[in-house]
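Below is one structure, written out as structure tokens; the observations come after it.
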Amino acid sequence: MPAAAERPAGPAGQTGKALLPCVRKPADLDRLTSEQLVTLASEIRQHLVASVARTGGHLGPNLGVVELTIALHRTFRSPRDTIVFDTGHQAYVHKLLTGRQDFTHLRERGGLSGYPSRAESVHDVVENSHASTSLSWADGIARANHLQGHDERHVVAVIGDGAMTGGMAWEALDNIADSSDRHLVIVVNDNGRSYAPTIGGLAHHLDALRTNPGYERVLSGVKRTLLSQGAPGRAAFDALHGLKRGLKDVLVPSAFFEDLGIKYTGPVDGHDITAVEFALTRAREYAEPVIVHVITEKGRGYTPAEEHVPDRFHAVGQIHPETGLPVVAERFGWTAVFAEEIVSLARGDERIVGVTAAMQAPVGLQPLADEMPTRVIDVGIAEQHALTFSAGLAFAGMHPVVALYATFLNRAFDQVLMDVALHRAGVTIVLDRAGITGTDGASHNGMWDMALLAHVPGLRLAAPRDEVTLRESLRTAVSTDDAPTVVRYPKGALPEPLTALRRLGPESEEPGRGGDPVHQDTPSVSAFDVVDVLLESRRPAGGARILLVGVGAMATQAYEAGRLLEQEGHAVTVVHPHWVIPAPAPLVTAAADVDVVVVVEDGLVDGGIGSQLRDAVEEYQAAHGATGGSPVFRRIGVPRQFVDTATRAQLMEDFGMRAADIAQAARSAADGVAGCCAATPRRSWGARSSVTPRARDC
């Protein structure tokens, strides 16, 4: 986009100066003329494209709300009036108008968050980027204002980009409609899209609204004409009233909102600042909740975004601003492997059906939808419904594969527990962006899943380390029809593959079973117990024996740490369990037979895989009558805290998750047992003999 040249006089009267730098607070907008507002909107779009092209971020949604955000800040007085942005990925313009114009380090440590952030500004209220929550927030704030006598304050909720497909939004609407004493304005930012074109009944209602903007005007004219004719006209009006209501329900579903008891106005051209400001000003005067329906275009004003049909540049990495093309082509990633494998599996099993919550392309289900359109169901931003719906699919003979970002599964924990697991439904949940996602911010880190899901009876969870194990885990998952299965993997490019030296597992313990399970073509009954040995070093005399357990993508760091320890002469074995919930039996017996166990996981430490393995080892030793000491456990992962915006590498350094950190933790633990006497002779891993008690006189 061309850079700004000569400009009209700005707020401070500097002829020819750019306007955006002169807007340091929302009140500065009041001094701009209509012509200058149009110029400002153009400058904002240029700033967004140039900035997001350098750092990556949500581009399309913000390009679509420029005029709307300007009108909001001219009509309402933030922070006295509260503006709540649903999801928050469209708040970049809001940041620019509230004094935050340095986007140099957007979505980086020390820079601006990609979402609203209370730490940044008093103008920001909600920093949770999970969709469909704004109406509940706004209703609570408005009710508190009323109870405290602050009826002069207004609350505005900006919801759209698919968030109205979420059930929580409708729960809030039902409650909002139950009162008429609150200054609450609901701006429906209707761009017809979430990540992809918005689906569902509400979307069709909004489409109907778009095509009938003159409905109320025509009906009002008819009403005036009939009533002006006296008694005959009144009779005709009454007769037509029922017909009008039915016609309105068919043509203009604004009646739906009015039936709830909420005033409605619109639709309004969301790129006409004057029109939006006029509609908002009228809405502000209501002493009761009102909906303002605004039509916007995602990616507005940036040709590459407007022409990018799949998602209008909803979110981008670093791009060339002139073309919109990525600066660096991303390596073949985890999501692409899933996308390829699920298509292959679906070709061979007609029971497989993909389910997603308004994120068909981001989670990798688009190729399946392209090839088999009836085999992918997008339920909208409704994770709770997605899981219970999938339980129903499984009951009726299908095998649903529910693909979500890991952070969004939090919203459907009850459904996983009570609808899927309680009924032993054969549902596979695929969690993309699991673990540390870094620059996506605190609410997007997928760090909670393993600690939460460990409490679900019968559920099994796989954490593959590379492409091969991802494909293998997915095949095992979709072949399991008597319990829920979960496959989780991180964001980004695939690591280099790690070759297993051998596998631990019941197959290798049975004489005459016929060879290495690595080469078995079909999952056996013990597929959930497979543990790969990635590295083994000989034990020096009297040295502590160390077991490093790499969970999922952390297997690479565990392996590198093992190499460091091996070079120093330590007795170390590195393993990767394919399935980590529940703890595989071979892993438990292996851990019970060493001096030090270090578990490295890309998830919450408290209640995570390390905690579960430690508990399983204690139970195993108690069951086998072990009287010696237990191994020393070190658990490495994400602490119980909300994680600040930073790169994945920075956060891994903060949390001691690098190879050097892991090696140091193992060394420290080994030093702690170095004074103990040598263990008595022990069985080899994989043997069936019971654990020999270890006596330690320290």
Side-chain angles (χ1 to χ4, degrees), residues 1-5 18 20 38-70 87-96 101 103-108 111-112 114-115 129 160-162 189-198 269-273 294-333 335-336 339 358-367 369-370 439-440 491-493:
M1 298 179 68
L20 181 57
V38 173
T39 300
L40 176 64
S42 177
E43 289 184 21
I44 288 174
R45 287 194 168 89
Q46 293 177 38
H47 185 88
L48 289 173
V49 171
S51 299
V52 178
R54 290 194 304 267
T55 63
H58 288 96
L59 183 55
N62 287 285
L63 292 172
V65 298
V66 175
E67 291 84 1
L68 170 59
T69 309
I70 292 172
T87 312
H89 59 240
Q90 80 285 45
Y92 291 7
V93 185
H94 166 74
K95 289 176 185 275
L96 291 173
Q101 296 182 5
F103 276 34
T104 306
H105 298 288
L106 177 68
R107 301 171 71 247
E108 297 175 2
L112 294 178
Y115 296 95
S129 59
D161 235 11
N189 171 32
D190 177 15
N191 58 20
R193 313 181 74 83
S194 49
Y195 286 87
T198 303
D269 180 357
H271 300 295
D272 183 333
I273 297 175
V294 179
I295 308 297
T296 63
E297 181 185 359
K298 200 168 184 176
R300 174 87 170 196
Y302 182 45
T303 301
E306 292 175 341
E307 294 179 347
H308 194 258
V309 176
D311 65 1
R312 300 289 180 90
F313 277 25
H314 178 84
V316 297
Q318 293 180 325
I319 61 174
H320 295 286
E322 300 82 7
T323 63
L325 296 174
V327 172
V328 179
E330 184 175 320
R331 290 178 54 198
F332 194 59
T335 307
M359 301 181 72
Q360 190 165 282
V363 297
L365 284 176
Q366 191 61 51
D370 292 340
T439 56
D440 290 331
K491 176 183 179 180

Hey, could you give me the CG/OG1 distance between Leu20 and Thr39, rounded to the nearest 0.5 Å? 12.0 Å
Of all heavy-atom pairs between Gly270 and Val294, which one has the smallest distance, and what is that distance? CA-CG1, 3.2 Å
State, with a plain yes or no, whether a side-chain heavy atom of Tyr92 is found less than 4.5 Å away from one of Ile44. no
Please enumerate all residues that pass side chain to side chain donor-acceptor pair (under 3.5 Å) together with Thr303, with sequence neighbours excluded. none
Any side-chain heavy-atom pair from Arg54 and Gln318 closer than 4.5 angstrom? no
For the backbone of His89 and the side chain of Asn62, can you confirm whether one donor and one acceptor N or O come within less than 3.5 Å of each other? yes
Quick check for you: to the nearest 0.5 Å, what is the distance between Arg107 atom CZ and Tyr115 atom OH? 7.5 Å
Smallest heavy-atom separation, Val363 atom then Met359 atom, equals CG2-O, 3.0 Å
Output all residues satisfying side chain to side chain donor-acceptor pair (under 3.5 Å) with Thr69, sequence neighbours left out; order by chain, then residue number. none
Considering residues at least two apart in sequence or located in another chain, which fulfil the side chain to side chain donor-acceptor pair (under 3.5 Å) criterion with Thr55? none
Which pair of heavy atoms, one from Leu106 and one from Gly56, lies closest together, and at what distance? CD2-O, 4.1 Å
So do the side chains of Val93 and Leu68 get within less than 4.5 Å of each other, counting heavy atoms only? no
Do Val49 and Leu63 come within less than 4.5 Å of each other through their side chains, counting heavy atoms only? yes
Donor-acceptor contact below 3.5 Å, side chain Arg45 vs main chain Tyr302: no
Rounded to the nearest 0.5 Å, what separates atom CG in Leu59 from atom NZ in Lys298? 10.5 Å
Could you tell me whether a side-chain N or O of Gln101 sits under 3.5 Å from a main-chain N or O of Leu96, the two making a donor and an acceptor? yes
Can you tell me how far the OG1 atom of Thr296 sits from the NE2 atom of His271, to the nearest 0.5 Å? 5.0 Å
